[in-house]
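Reviewing the structure listed below.
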Protein chains: 2
Amino acid sequence: MNSILSALAEPNRLHIVELLRDGPLTVGEIADRLGLHQPQASKHLRVLSEAGLVEMQPVANRRIYRLRPQPLMELDAWLSSFRRIWEERFDRLDEYLLELQKSEQKHDDKP
Amino acid sequence: MNSILSALAEPNRLHIVELLRDGPLTVGEIADRLGLHQPQASKHLRVLSEAGLVEMQPVANRRIYRLRPQPLMELDAWLSSFRRIWEERFDRLDEYLLELQKSEQKHDDKP
DNA sequence: CTCGAATATACATTGACAGGAATATTCCAA
DNA sequence: TTGGAATATTCCTGTCAATGTATATTCGAG
């Protein structure tokens, strides 16, 4: 989960993932479209690969990279655990304020 | 989108967000549960706040932090644009290989 | 088997960021 | 009004990661 997020947190890598959403690409094409030097593209792809976000298939000289769905599905699953927050609109703030107040009173009690 | 991801990429901050999923908390409680010193907790909360992931409400001495749904909804929307990839299971790899091959041939043509 | 294209790796440099410690600020209670 | 609790801010330092440059590797064409 963490390696996925930090992989996506880098703007160029996020952009790569968005590029690959429309289909596989070679390293050179990715570097071209992002205006990156080839070594940086390779390095970013390595990080994405280690996070499981992409996989590579060699074809002669080229390396074709494509998306792997699993990490994005994981992210989706994680997100879904928050979904009730904006669906049920359940803040628990007032509840929490009451608890705070209670603990104040408890603190004031002289046993 | 980027500030959201880089905010969540830090393990302690991700943990804070998960804590707040169950309801609002004060800075001190967050620091306690994560085993952080108070200043680091405040700093992480500042980053989360700037990313719009949390909001704060002062109550006397304390600051109560709670989740804001919007950024997570944005992330969800972004993810959903990838959903067809693992639903339709459409790789486009063979398609892409054909294109590669065609461009090879085009390169070979003697006009 | 040699050349050039495509890609990966190594190395050095620089900048961002997380953690620690100290300090400032705000608020309530006595 | 003084003291202490809760929180934010500042400064310093070390570490990590992104970039640029150079080099190694692999492959097909001729």
Side-chain angles (χ1 to χ4, degrees), chain A residues 2-16 20 24-51 54-66 96-97 99-101 103-110, chain B residues 2-16 20 24-51 54-66 96-97 99-101 103-110:
Chain A
N2 198 313
S3 68
I4 301 172
L5 287 170
S6 41
L8 295 176
E10 211 284 329
N12 289 312
R13 286 196 292 261
L14 184 67
H15 206 295
I16 290 179
L20 294 180
L25 289 175
T26 65
V27 177
E29 286 173 315
I30 293 173
D32 282 352
R33 303 205 193 179
L34 297 210
L36 291 178
H37 294 160
Q38 173 267 320
Q40 343 296 341
S42 283
K43 181 103 189 285
H44 285 309
L45 284 166
R46 177 184 238 275
V47 176
L48 289 172
S49 185
E50 282 165 353
V54 303
E55 62 189 347
M56 183 266 283
Q57 172 172 351
V59 171
N61 237 356
R62 339 263 178 112
R63 311 291 167 96
I64 302 183
Y65 283 86
R66 55 180 162 175
Y96 185 72
L97 288 174
E99 266 185 41
L100 265 189
Q101 211 173 341
S103 72
E104 298 290 316
Q105 287 177 327
K106 208 176 294 178
H107 191 267
D108 285 356
D109 286 348
K110 316 290 180 192
Chain B
N2 198 313
S3 68
I4 301 172
L5 286 170
S6 41
L8 295 176
E10 210 284 329
N12 289 313
R13 286 196 291 262
L14 184 68
H15 206 291
I16 290 179
L20 294 181
L25 289 174
T26 65
V27 177
E29 285 173 315
I30 293 173
D32 281 352
R33 302 206 194 179
L34 297 210
L36 292 178
H37 294 160
Q38 173 267 321
Q40 340 298 340
S42 283
K43 279 189 262 188
H44 285 309
L45 284 166
R46 176 184 238 276
V47 176
L48 289 172
S49 184
E50 282 165 354
V54 303
E55 62 189 349
M56 183 266 281
Q57 171 171 352
V59 171
N61 237 356
R62 341 262 178 113
R63 311 293 166 97
I64 302 184
Y65 282 88
R66 56 181 161 174
Y96 185 71
L97 289 175
E99 265 186 41
L100 266 190
Q101 210 171 342
S103 72
E104 298 289 315
Q105 284 177 329
K106 206 175 294 177
H107 192 267
D108 285 356
D109 284 350
K110 315 291 180 191

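By convention in this document, chain letters (A, B, ...) are assigned in the order of the sequence lines, proteins followed by strands, and residues within each chain are numbered from 1. These numbers were taken from a predicted model, which means no experiment stands behind them.
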Query - Rounded distance [0.5 Å steps], CG in Leu25(A) versus CG in Leu45(A) - result: 9.5 Å

Query raised in the report: How long is the span from the CD atom in Glu55(A) to the CG atom in Leu20(A), to the nearest 0.5 Å?
Result: 11.0 Å

Query - side-chain contact (heavy atoms from CB on, under 4.5 Å) partners of Val47(B), counting only residues at least two apart - result: Ala7(B), Arg13(B)

Report task. Please test Gln40(A) against Asn12(A) for side-chain contact (heavy atoms from CB on, under 4.5 Å), starting from the C-alpha separation and ending with a verdict. Result -> CA-CA 10 Å; Gln40(A) 343 296 341; Asn12(A) 289 312; over 6 Å; no

**Report entry** Between C1' of dG20(D) and CG of Leu36(A), the distance in whole Å
**Finding:** 12 Å

Query raised in the report: side-chain hydrogen bond (donor to acceptor under 3.5 Å, both in side chains) with Ser6(A): which residues, sequence neighbours excluded?
Result: none

Query raised in the report: Quick one: on DNA chain C, does Leu45(A) or Ala60(B) contact a more 5' nucleotide (nearest heavy atom)?
Result: Leu45(A)

**Report entry** Distance in angstrom units between His37(A) NE2 and dC11(C) P, rounded
**Finding:** 21 Å

Query raised in the report: Can you check the Asn12(B) CG to dG20(C) P distance for me, whole Å?
Result: 10 Å

**Report entry** Length of the line joining Leu48(B):CG and dA8(D):C1', which is rounded to integer Å
**Finding:** 15 Å

Query raised in the report: Going by the salt bridge (charged side-chain N to carboxylate O under 4.0 Å, His left out) test, which pairs reach into residues 34-47 of chain B, not counting sequence neighbours?
Result: Arg46(B)-Glu50(B)

Query raised in the report: dA18(C) P sits how many Å from Asn2(A) CG, rounded?
Result: 12 Å

Query raised in the report: What residues form a salt bridge (Lys or Arg N to Asp or Glu O under 4.0 Å) with Arg33(B), not counting sequence neighbours?
Result: none

Report summary line: To the nearest angstrom, the NE2-P distance between His44(B) and dC17(C) comes to 12 Å

Query raised in the report: Between atom CZ of Arg62(B) and atom CD of Glu29(B), what is the distance when rounded to the nearest 0.5 Å?
Result: 8.0 Å

Query - Length of the CG-P vector between Leu8(B) and dC17(C), whole Å - result: 15 Å

Table of protein N/O atoms under 3.5 Å from nucleotides 4-7 of chain D N/O atoms:
from: dA5(D); atom 1: N3; to: Asn61(B); atom 2: ND2; distance (Å): 3.1
from: dT7(D); atom 1: OP1; to: Val27(B); atom 2: N; distance (Å): 3.4
from: dT7(D); atom 1: OP1; to: Arg63(B); atom 2: N; distance (Å): 3.4
from: dT7(D); atom 1: OP2; to: Gly28(B); atom 2: N; distance (Å): 2.7

**Report entry** Whole angstrom value for the distance that separates P of dG20(C) from CG of Leu34(B)
**Finding:** 13 Å

Query raised in the report: Which heavy-atom pair separates Ile4(B) from Ala51(B) by the least distance, and what is that distance?
Result: CG1-O, 4.2 Å

Could you go over nucleotides 10-13 of chain D and give all protein N or O partners under 3.5 Å, atom names and distances?
none

